[in-house]
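Below is one structure, written out as structure tokens; comments come after it.
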Amino acid sequence: MSTSASAPPRQGAPVITRFAPSPTGELHLGNARTALFNQLLARRAGGRFLLRVEDTDSERSHEAHTRALLADLAWLGIEWDAGPDREDARGPYRQSQRGALYAQELAALERAGAVYPCFCTPLELSLARRSQLAAGRPPRYAGTCRDLPPAERARRIAAGVPATLRFRVPGGERIEFIDLVHGPQSFASDDIGDFVVRRADGTAAFFFSNAVDDARMGITLVLRGEDHLTNTPRQLLILAALGHAPPHYGHVALLIGADGAPLSKRHGAVSVREYRERGYLPEAIVNHLFRLGHSTALHGLLSLEQMVQAFDPGHLGRSPARFDEQQLATWQKEAAQRLAPAAARRWLAAVLPPGLDEDSATAFTAALLPNVLLPEDARPWVDIVFGDPPELEPAQAEVVRAAGPGYFSAAAAAAARAGGDLTAIAGAVRAATGRKGADLYMPLRVALTGRAHGPELATLLKVMPAGKARERLARFA
RNA sequence: GCUCCCUUCGUCUAGAGGCCUAGGACAUAGCCCUCUCAAGGCUGUAACACGGGUUCGAAUCCCGUAGGGAGCGCCA
């Protein structure tokens with residue numbers, strides 16, 4: 001027998017995808033990307049996108065993680081049609097609540113003779129693995145309990161010896177399928193050892209619950225990380241033994257760090273939460289993820305709607321993609337500049353001075369936006385505009401000195417009269433000194449902000465508290 | 001060790017035997033614009049991992065080498 005999946009679904013065929021994270025930690029960027037791709041895949045085909053929480057490992061799974069996971073996905077703008085917070089007939093969407101279903105399917109496997117109890121202890125197994133590895137052989141289950149006489153099996157079960165349930169992998173077969181991104185795949189069943197489908201504590205193991213849920217939830221296309229590629233034959237075997245139609249599979253290459261190693265904690269921030277807390281905008285992250293391991297002819301920041309249109313599974317990359325913060329910065333910059341006034345104020349709320357009126361806050365943030373990547377970057381400008389007069393660096397002091405006292409007495413007088421009106425101040429200085437262009441504006445900028453570069457001077461001046469401008473200009477008069 | 005996957009500019013990638021003296025975007029360099037920065041415009045630098053085949057012709061097909069990665073768990 002050889003199991004072979006047909007070609008990827010045709011356009012127009014119902015497409016049901018899913019994202020199936022385990023709530024054992026924070027949402028990783030790589031997982032966020034597969035979630036995004038799966039959502040896009042479903043949307044572009046007018047299908048459905050489901051969210052299933054794989055919390056079969058009760059030790060490591062936590063409800064708090066599940067909540068955080070949903071919150072992070074929602075923050076990114078990813079929406080699911082059904083999930084743990086939105087149950088429907090296909091649910092429940094928490095694996096911890098699907099025990100009865102698994103028992104049913106497991107019983108079917110037992111009836112079919114596709115599984116057998118294994119009494120090997122974890123210690124025995126790890127010892128066996130170690131010696132196999134040491135001998136240069138694949139660390140596969142040796143088949144110790146595979147052909148135990150029925151009487152012996154019955155005896156041990158009666159004696160209450162803890163047992164797992166193993167899948168009896170048939171010999172001499174090829175398991176074939178067409179991977180959506182890698183094309184035709186072929187594996188020899190002889191390379192696959194009998195694997196556990198039910199743990200000694202009675203709970204379903206990953207290969208099993210994951211495959212069975214995909215089938216029972218009607219998933220038609222599973223797009224997941226490449227780390228699952230060589231696991232796919234096992235799942236195909238389970239599904240075939242159960243008589244379930246397999247979904248189509250696609251495996252996207254993993255995300256790697258700047259050094260080419262799989263993206264992990266040692267590369268710095270790898271969770272969505274960390275980026276969110278640093279002030280990155282969801283649009284920026286999603287746009288970056290969209291182009292990692294995927295290509296599009298479109299330029300510029302894309303909305304989710306545009307991504308749905310532009311997403312092309314045929315352009316899914318086969319090689320690992322580096323998560324480059326510099327590229328992310330480009331999207332962040334663009335996303336920041338597109339922020340609507342109210343959103344911009346909210347984004348910078350933590351660094352804006354308290355009690356600033358709405359008009360000033362709007363003008364100030366608008367001026368700041370082209371100059372900041374993250375809210376943190378706005379802090380120095382808040383200090384400059386609302387704090388004490390800036391100290392001048394030698395180079396800056398020279399600019400001011402070269403302008404001469406006449407320049408600043410005219411400027412200070414104009415500021416006393418016109419307040420924060422740059423046009424009025426610059427006009428007065430021009431009249432007094434005949435300067436224009438950079439010669440006219442640079443000393444003003446330096447005297448007022450202490451820096452040669454920065455946001456739109458007119459706006460900074462306008463929001464500067466009354467009297468500060470005159471005071472700063474008068475220092476050099 | 002075995003099985004599987006991968007390898008085009010610094011980065012993300014286009015490329016399915018001639019359209020490739022390899023295209024785009026970001027980054028970078030220069031110029032223009034400009035009160036500065038940013039934005040925008042123009043111009044430039046920069047890549048087919050290596051070696052063999054196959055072919056009139058190979059980034060594209062085949063084989064091998066090297067280098068990366070994954071899986072082989074009572075973790076998902």
Side-chain angles (χ1 to χ4, degrees), chain A residues 20-24 54-57 59-61 95 118 120-122 125-126 129 132-141 162-166 179 181-182 185-188 190-193 195-207 209-210 224-234 251 253-254 256 258 260-262 288 290-300 314-315 317-331 333-334 337 367 369-372 422 426 435-446 449 451-458:
Chain A
S22 64
T24 54
E54 308 224 321
D55 55 353
T56 56
D57 182 350
E59 287 288 299
R60 299 200 297 144
S61 297
Q95 287 192 324
C118 170
C120 299
T121 66
L125 292 169
S126 84
R129 255 194 303 277
Q132 284 171 320
L133 241 14
R137 283 182 292 124
R140 271 202 288 279
Y141 178 63
T164 61
L165 207 56
R166 278 187 192 270
D179 188 275
V181 348
H182 292 281
Q185 303 293 312
S186 174
F187 295 84
D190 293 334
D191 289 329
I192 303 171
F195 53 91
V196 171
V197 291
R198 186 180 66 202
R199 303 184 186 111
D201 67 2
T203 59
F206 168 77
F207 290 133
S209 56
N210 181 266
R224 61 205 329 190
E226 205 178 88
D227 48 341
H228 291 295
L229 182 58
T230 52
N231 290 156
T232 305
R234 274 166 249 265
H251 293 88
L254 272 16
I256 57 181
H288 191 213
F290 181 66
R291 288 165 235 246
L292 244 29
H294 177 255
S295 63
T296 175
L298 268 36
H299 295 157
H315 274 121
R318 285 150 296 137
S319 48
R322 266 164 229 260
F323 187 88
D324 180 359
E325 284 217 25
Q326 192 182 44
Q327 301 277 334
L328 175 61
T330 298
W331 300 117
K333 184 169 245 178
E334 210 172 315
Q337 302 220 32
L369 250 24
N371 287 271
V372 302
L422 179 65
R435 286 177 169 238
K436 57 181 182 179
D439 286 340
L440 172 60
Y441 285 93
M442 193 49 75
L444 283 175
R445 173 176 286 280
V446 169
T449 70
R451 298 194 179 188
H453 309 301
E456 183 80 9
L457 190 54

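By convention in this document, chain letters (A, B, ...) are assigned in the order of the sequence lines, proteins followed by strands, and residues within each chain are numbered from 1.
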Pairwise P distance, B:C62 and B:A76 [rounded to whole Å]
38 Å
Check for a donor-acceptor pair, side chain of A:R322 on one end and backbone N or O of A:A258 on the other, with a separation under 3.5 Å.
yes
Quick one: A:R445 CZ to B:C35 P, roughly how many Å, whole number?
11 Å
What I'd like to find out is whether the side chain of A:Y141 reaches to under 4.5 Å of the side chain of A:C118, using heavy atoms alone.
yes
Name the nucleic acid region contacted by A:G225, choosing base, sugar-phosphate or nothing; use a 4.0 angstrom heavy-atom cut-off, strictly under.
nothing
Paired nucleotide for B:A14 [Watson-Crick or G-U wobble; both distances under 3.5 Å]:
none
Determine, for nucleotides 45-50 of chain B in 5'-to-3' order, which nucleotides have protein heavy atoms under 4.0 Å from the base (write B), from only the sugar-phosphate (write S), or from neither (write -).
------
Separation of the P atoms in B:G40 and B:A27, to the nearest angstrom
9 Å
Nearest-angstrom distance from the residue atom CG of A:L328 to C1' of B:A27
14 Å
Protein heavy-atom contacts under 4.0 Å, written 5' to 3' over nucleotides 65-76 of chain B as B (base), S (sugar-phosphate only) or - (none), form the string ----SSSBSBSB
What integer number of Å spans the C1' atoms of B:C6 and B:U65?
15 Å
State, with a plain yes or no, whether a side-chain heavy atom of A:L444 is found less than 4.5 Å away from one of A:L422.
yes
Tell me: NE2 of A:H288 to P of B:A25, nearest whole Å?
17 Å
Under 3.5 Å on both distances, the Watson-Crick or G-U partner of B:U3
B:A70
Can you sort out the partners of A:T203 under side-chain hydrogen bond (donor to acceptor under 3.5 Å, both in side chains), two or more places apart, ordered by chain and number?
A:R199, A:D201
Please tabulate, one pair per line, each protein N/O and nucleotide N/O from nucleotides 8-11 of chain B that are separated by under 3.5 Å, including the distance.
{"from": "B:U11", "atom 1": "O2", "to": "A:Q327", "atom 2": "NE2", "distance (Å)": "2.8"}

Pairs under 3.5 angstrom, nitrogen or oxygen only, protein versus nucleotides 14-16 of chain B, please.
{"from": "B:A14", "atom 1": "OP1", "to": "A:S295", "atom 2": "OG", "distance (Å)": "3.3"}
{"from": "B:G15", "atom 1": "OP1", "to": "A:H315", "atom 2": "NE2", "distance (Å)": "3.2"}

Determine the Euclidean distance between corresponding P atoms of B:G73 and B:C63; express it in Å to zero decimal places.
29 Å
Look for any protein N or O under 3.5 Å of an N or O in nucleotides 61-63 of chain B and output each such pair with its distance, or none.
none

May I ask which nucleotide in the shown strands pairs with B:A38, Watson-Crick or G-U wobble, both distances under 3.5 Å?
none
Is there a side-chain contact between A:T232 and A:R224, using heavy atoms and a 4.5 Å cut-off?
yes
When rounded to the nearest Å, what value does the distance between C1' atoms of B:C48 and B:A29 take?
24 Å
Can you check the distance between B:G15 and B:U7, where both ends of the measurement are the P atom (answer in whole Å)?
13 Å
Atom-to-atom span, CG of A:D439 to C1' of B:C35 - whole angstrom
10 Å
Is there side-chain contact between A:P138 and A:Q132, with at least one heavy-atom pair below 4.5 Å?
no
Complement of B:U28, any strand, by Watson-Crick or G-U distances under 3.5 angstrom:
B:G44
Just how far, in rounded Å, is P of B:A27 from CZ of A:F323?
16 Å
Locate the shortest heavy-atom distance separating A:I192 from A:R140; write the atom from each residue and the value.
C-CD, 3.6 Å
Quickly work out the A:R291 CZ to B:A27 C1' distance and round it to whole Å.
15 Å
If you measure from the P atom in B:A66 to the same atom in B:G51, how many Å do you get, rounded?
15 Å
Length of the CG-P vector between A:L440 and B:C35, whole Å:
9 Å
For B:C4, does OP1 or OP2 lie under 4.0 Å from any side-chain N or O of A:Q185?
no
Take the protein atom CG of A:L298 and the nucleotide atom C1' of B:G24, then report the distance between them rounded to whole Å.
12 Å
Quick check against the 3.5 Å criterion: does A:H288 have a side-chain atom that pairs as donor or acceptor with the backbone of A:Q327?
no
Just checking A:Q337: base, sugar-phosphate only, or nothing, at a heavy-atom cut-off of under 4.0 Å?
sugar-phosphate
Side-chain contact test, heavy atoms from C-beta onward, threshold under 4.5 Å: evaluate it for A:P262 versus A:L254 and give yes or no.
no
